[in-house]
Q: 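Just dropping this structure here.
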Amino acid sequence: MSSSSSSKALIKTLIKNPTRIRSKHQAKQLHAQFLRTQSLSHTSASVVISIYTNLKLLHEALLLFRTLESPPVLAWKSVIRCFTDQSLFSHALSSFVDMRASGRCPDHNVFPSVLKSCTMMSDLRLGESVHGYVVRLGLGCDLYTCNALMNMYAKLQGMGSKISAGKVFDEMPQRILDGETMSNALPSGIDSVRKVFELMPRKDVVSWNTIIAGYAQSGMYEDALRMVREMANEDIKPDAFTLSSVLPIFSEYVDVKRGKEIHGYVIRKGIDADVYIGSSLVDMYAKSARIEDSERVFSHLLRRDSISYNSLVAGYVQNGRYNEALKLFRQMVTAKVRPGPVAFSSVLPACAHLSTLHLGKQLHGYVLRGGYSDNIFIDSALVDMYSKCGSIKAARKIFDRMNVHDEVSWTAIIMGHALHGHGHEAVSLFEEMKLQGVKPNHVAFVAVLTACSHVGLVDEAWGYFNSMTEVYGLNPELEHYAAVADLLGRAGKLEEAYDFISNMRVEPTGSVWSTLLSSCSVHKNLELAEKVAEKIFAVDSENMGACVLMCNMYASNGRWKEMAKLRLRMKKLGMRKKPACSWIEFKDKTHGFVSGDRSHSSMERINEFLEAVMEQMEKEGYVADTSGVLHDVDEEHKRELLFGHSERLAVAFGIINTEPGTTIRVTKNIRICRDCHVAIKFISKITEREIIVRDNSRFHHFNHGSCSCGDYW
DNA sequence: GTAGGGTTAG
């Protein structure tokens, strides 16, 4: 008796305070009490449903919901909110449609969820009609609904259907639009955001944050910053959301000064350990080349998610610290933080730069297992990684399997073929890209010009270079001039290259002149080389590459006096020749060889091999070309020096440690030496191996005694 | 109802 009346009392108090129910157990008890003490009315069932959904107990809520013949608004609203909470957006939307079909009229509580679902489903058309409905219900002033509307228009920019985006505003009484004329131009997403914002009678910090994020993500940085100032004028204080929208703007502007001001503000507000702020700060410092500051911010984070890690990984890559990037990626995996898809597109370029095929392959495996295939960012990075790691075939396979190609993936494969000496293939891919309606950008032109340069397609290159301005309205930048200058130089048109560089519309840098200098060296034109070197030293008096090249040229011309003078100058400036080194991967480890260094544990076997193969080479007609040896020593000594060249040591190491027929992949930090190029051709023939050498400008595929570059390099 | 990191060049 008394138990029944006390439970009725309990139900009453609980219904008045549904938030007091905090556990699944309590909710189920209440549900049971209802069933025991009275038949469950539609109203009380709705209350129980809303309690279930507040606890995110979707399953329980749905079981009860489905017993109702004509669910009241509260029941509908609860279920729709819960679907949205659980990311079941299409269910949320179809429930909303069903609710309207059943004749129930939604109230303001439900629209934020519905609009979020439209946003997440990228369904702008439905979202717009919901907007119209909101206006007709007179709910166009609801704070939460308007915030959700702004978010939707901001996120779904460029999703098409711009026509109806204007419609909603057309339906409003003209005076609400504040006399503003609806121009014939259809409003873009951000215009819709602005209009919703302006019509809001009351705005809170979320409203400001939403429009600021909208401007920031549309690249309208100044508008975003203006809004931050305006919000401060309205006495609304920027919070973590505001600032993590603003910081990326300063990354983009490479404005550490203002970034640091925010950093200070954030510390004073005690929100510097926020993960969002943290990753924005890491990124901001990294983009401003202050990677140590990025590391410091990262180390102070209390919690690190995959994005915090990836901000620093990406930062390392942007600053050329590839090994550290890989190390941190491993730390992330060890810390059981699951890398998201973005992490792969950040870390793969590190493998590409380091030419570490085995790591790249491991990452590729990870991508496949993680189900991240079909991501255009990752696929483009994979194409690039495989081609930079020497496997153009694997790169092409991935490229061909991609469903869509954008200018980045096209550029990656074009550059890949260019670097592997397939200039004609690269050019025809470039044409194919244009045929498919993908507009080449600056980088694509760098790629196609590089392709032309590596195979000597002078006329084609001129055509492309001119089409940049004439057809695509792109101003040639330093890289394009450099590529053309390089092309002319390689083709032996040294004077033409000299004039071209002298008349560039961009101030030539030391590196542009340097490519010509190395062409002068290849084509043995000392006179022009001296003129070019002067140009280089005028802008960069400590250009070591130029010093070394000039020393080489003086040496090979027997101009020992000039050479000595230059040597002395290098010594005075404290310049030391960068040692030539080559790497090869073996058993998942990288083995490095420095020219003339005999410290590797396999050196004895390497020498044995080289001596044996040398004997065979000489029988087949190899004559050492000692002209490239800079040192002023006798012929015999010169030959010994060539013998110890790093690329030769690495190739030998690869051959003696692998099964017959295995492809040998070697990476060298500077250009491959002329004599080694000849020698490795012989070695490929004698040992019947494919040998791939990546030097600092391209790949050489040696096979059956010849090289893919056709000796044009 | 609001926020952060990514691919192609040299």
Side-chain angles (χ1 to χ4, degrees), chain A residues 84 108-109 111-116 119 142-152 154-155 204-214 216-217 238-248 251 274-284 286-287 294 305-315 317-318 320 339-349 352-353 375-385 387-388 405-416 418-419 440-450 477-480 482-483 486 509 511-512 515 696-697:
Chain A
T84 308
H108 64 96
N109 294 312
F111 287 109
S113 300
V114 173
L115 289 165
K116 178 173 186 171
T119 308
D142 179 63
L143 177 65
Y144 278 54
T145 303
C146 287
N147 287 345
L149 275 171
M150 285 196 292
N151 185 44
M152 176 186 76
K155 292 273 162 57
D204 67 356
V205 67
V206 176
S207 324
W208 287 95
N209 287 343
T210 307
I211 194 167
I212 289 167
Q217 282 154 16
D239 64 4
F241 283 86
T242 327
L243 301 175
S244 54
S245 290
V246 169
L247 278 169
S251 304
D274 179 281
V275 273
Y276 282 84
I277 296 281
S279 47
S280 303
L281 284 170
V282 167
D283 182 55
M284 189 272 297
K287 293 232 166 78
S294 300
D305 64 7
S306 72
I307 297 180
S308 342
Y309 272 100
N310 195 53
S311 304
L312 190 52
V313 170
V317 172
Q318 285 153 12
V342 174
F344 292 100
S345 34
S346 305
V347 79
L348 279 167
H353 282 281
N375 176 317
I376 196 162
F377 283 91
I378 295 181
D379 284 341
S380 304
L382 281 171
V383 167
D384 182 57
M385 182 277 291
S387 74
K388 298 263 173 69
H405 297 127
D406 61 0
E407 74 271 33
V408 174
S409 46
W410 277 110
T411 303
I413 196 67
I414 290 168
M415 196 63 193
L419 292 178
N441 62 12
H442 278 105
V443 190
F445 274 104
V446 174
V448 76
L449 290 172
T450 303
E477 290 165 4
L478 187 67
E479 289 76 15
H480 306 101
D486 187 40
T509 58
S511 73
V512 177
T515 58
N696 64 343
S697 87

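Predicted model, so just to flag it, every value in this text is computed and none were measured. Residue numbers begin at 1 in each chain, while the letters A, B, ... track the order of the sequences.
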Q: Is there, by distance only and without an angle test, a donor paired with an acceptor across the side chain of A/S345 and the base of B/dG6 below 3.5 Å?
A: yes
Q: Just to verify, what does A/S244 make a side-chain contact (heavy atoms from CB on, under 4.5 Å) with, not counting sequence neighbours?
A: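 Checked A/S244 against side-chain contact (heavy atoms from CB on, under 4.5 Å); matches are A/Y276, A/I277, A/S280.
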Q: Side chain of A/D406 only, please: which of B/dG6, B/dG4, B/dT7 is the nearest?
A: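 The answer is B/dT7, which lies nearest to the side chain.
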Q: NZ of A/K155 versus C1' of B/dT2: gap in Å, rounded?
A: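 After rounding, the reported distance stands at 8 Å.
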Q: Which part of the nucleic acid, if any, lies within contact of A/S311, taking any heavy atom under 4.0 Å across all strands shown: a base, the sugar-phosphate backbone alone, or nothing?
A: sugar-phosphate
Q: Have a look at A/Q318 and say if it touches a base, only the backbone sugar-phosphate, or nothing, with a 4.0 Å heavy-atom cut-off.
A: sugar-phosphate
Q: Please classify the nucleic acid contact of A/D204 as base, sugar-phosphate, or nothing, using heavy-atom distances under 4.0 Å.
A: base
Q: Output the single nucleotide from B/dG4, B/dG6, B/dA3 whose closest atom is nearest the side chain of A/P248.
A: B/dG4
Q: I want to check one thing: is the phosphate of B/dT2, taken as OP1 and OP2, less than 4.0 Å away from some side-chain N or O of A/N151?
A: yes
Q: Of all the nucleotides listed (B/dG6, B/dA3, B/dA9), which has the minimum atom distance to the side chain of A/K287?
A: B/dG6
Q: Within the 4.0 Å heavy-atom criterion, would you say A/A447 contacts the bases, only the backbone, or no part of the nucleic acid?
A: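 Nothing: the residue A/A447, judged by heavy atoms under 4.0 Å, touches no strand.
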Q: Report yes if some heavy atom in the side chain of A/S207 is under 4.5 Å from a heavy atom in the side chain of A/M150; otherwise report no.
A: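 They are in contact (side-chain heavy atoms under 4.5 Å apart), so the answer is yes.
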Q: Is it the case that the base of B/dT2 and the side chain of A/T210 share a donor-acceptor contact (distance under 3.5 Å, atom types as modelled)?
A: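 Side chain to base: no pair present.
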Q: Counting only side-chain heavy atoms from C-beta out, which of B/dG4, B/dG5, B/dT7 sits nearest to A/S306?
A: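 For A/S306, the side-chain atoms sit closest to B/dG5.
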Q: Give the rounded distance in Å between these two atoms: CG of A/N310 and C1' of B/dG6.
A: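 The answer, rounded to whole Å, is 7 Å.
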Q: Please report the C-alpha distance between A/T210 and A/N151 in whole Å, then the side-chain angles of each, then the deciding distance to 0.1 Å, and finally whether the side-chain hydrogen bond (donor to acceptor under 3.5 Å, both in side chains) criterion is met.
A: CA-CA 6 Å; A/T210 307; A/N151 185 44; 5.7 Å; no
Q: Any side-chain heavy atom of A/T145 within less than 4.5 Å of one from A/L115?
A: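 The answer is yes; the side chains approach within 4.5 Å.
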Q: Over how many whole Å does the gap from A/W208 atom CH2 to B/dT2 atom P extend?
A: 19 Å
Q: Could you work out which one of B/dT2, B/dG4, B/dG6 sits closest to the side chain of A/V342?
A: B/dG6
Q: Measure CG/A/D305 against C1'/B/dG4 and give the value in whole Å, please.
A: 8 Å
Q: With stacking defined as ring centroids separated by under 5.5 Å and planes differing by under 30°, is A/F377 stacked against B/dT7?
A: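 A/F377 ring does not meet the centre or angle cut-off for B/dT7; no stack.
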Q: Applying a 4.0 Å non-hydrogen cut-off, can you work out what A/I376 is touching in the nucleic acid: base, sugar-phosphate, or nothing?
A: base
Q: Quick one: which of B/dT8, B/dG5, B/dG6 gets closest to the side chain of A/K388?
A: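 Closest nucleotide among those given: B/dT8.
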Q: What nucleic acid atoms does A/D274 come within less than 4.0 Å of, heavy atoms only: base, sugar-phosphate, or nothing?
A: base
Q: On the nucleotide B/dG10, are OP1 or OP2 found under 4.0 Å from the side-chain N or O atoms that A/T450 carries?
A: yes
Q: Check whether A/H480 reaches the backbone of A/H442 with its side chain - one donor and one acceptor, N or O, closer than 3.5 Å.
A: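 At least one qualifying donor-acceptor pair exists.
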Q: Can you tell me how far P of B/dT8 sits from CD of A/E407, to the nearest Å?
A: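 Going from CD in A/E407 over to P in B/dT8 covers 13 Å.
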Q: Regarding B/dG6, can its base be found pairing with the side chain of A/S346 as donor and acceptor, where the two atoms are less than 3.5 Å apart?
A: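 Checked by distance alone, the answer is no.
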Q: Measure the distance from CE on A/M385 to C1' on B/dA9 and round it to the nearest whole Å.
A: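 The answer, rounded to whole Å, is 19 Å.
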Q: Base, sugar-phosphate or nothing for A/V383? Non-hydrogen atoms, less than 4.0 Å.
A: nothing
Q: Would you mind telling me which of B/dG10, B/dT8, B/dG5 lies closest to the side-chain atoms of A/A314?
A: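 Minimum distance to the A/A314 side chain belongs to B/dG5.
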Q: Between A/L382 and A/I378, does a side-chain contact (heavy atoms from CB on, under 4.5 Å) hold up when you go through it step by step?
A: CA-CA 6 Å; A/L382 281 171; A/I378 295 181; 4.0 Å; yes
Q: Closest to the A/V443 side chain: B/dT2, B/dT8, B/dG4?
A: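 Given the options B/dT2, B/dT8, B/dG4, the side chain of A/V443 is closest to B/dT8.
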Q: Do the side chains of A/S409 and A/V383 get nearer than 4.5 Å, heavy atoms only?
A: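 A side-chain contact under 4.5 Å is absent here.
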Q: Rounding to an integer number of Å, can you tell me how far A/I277 CD1 sits from B/dG4 P?
A: 11 Å
Q: Rounded to whole angstroms, how far apart are CD on A/E479 and C1' on B/dT8?
A: 13 Å
Q: Nearest to the A/P341 side chain among B/dG6, B/dG10, B/dA3, which nucleotide is it?
A: B/dG6
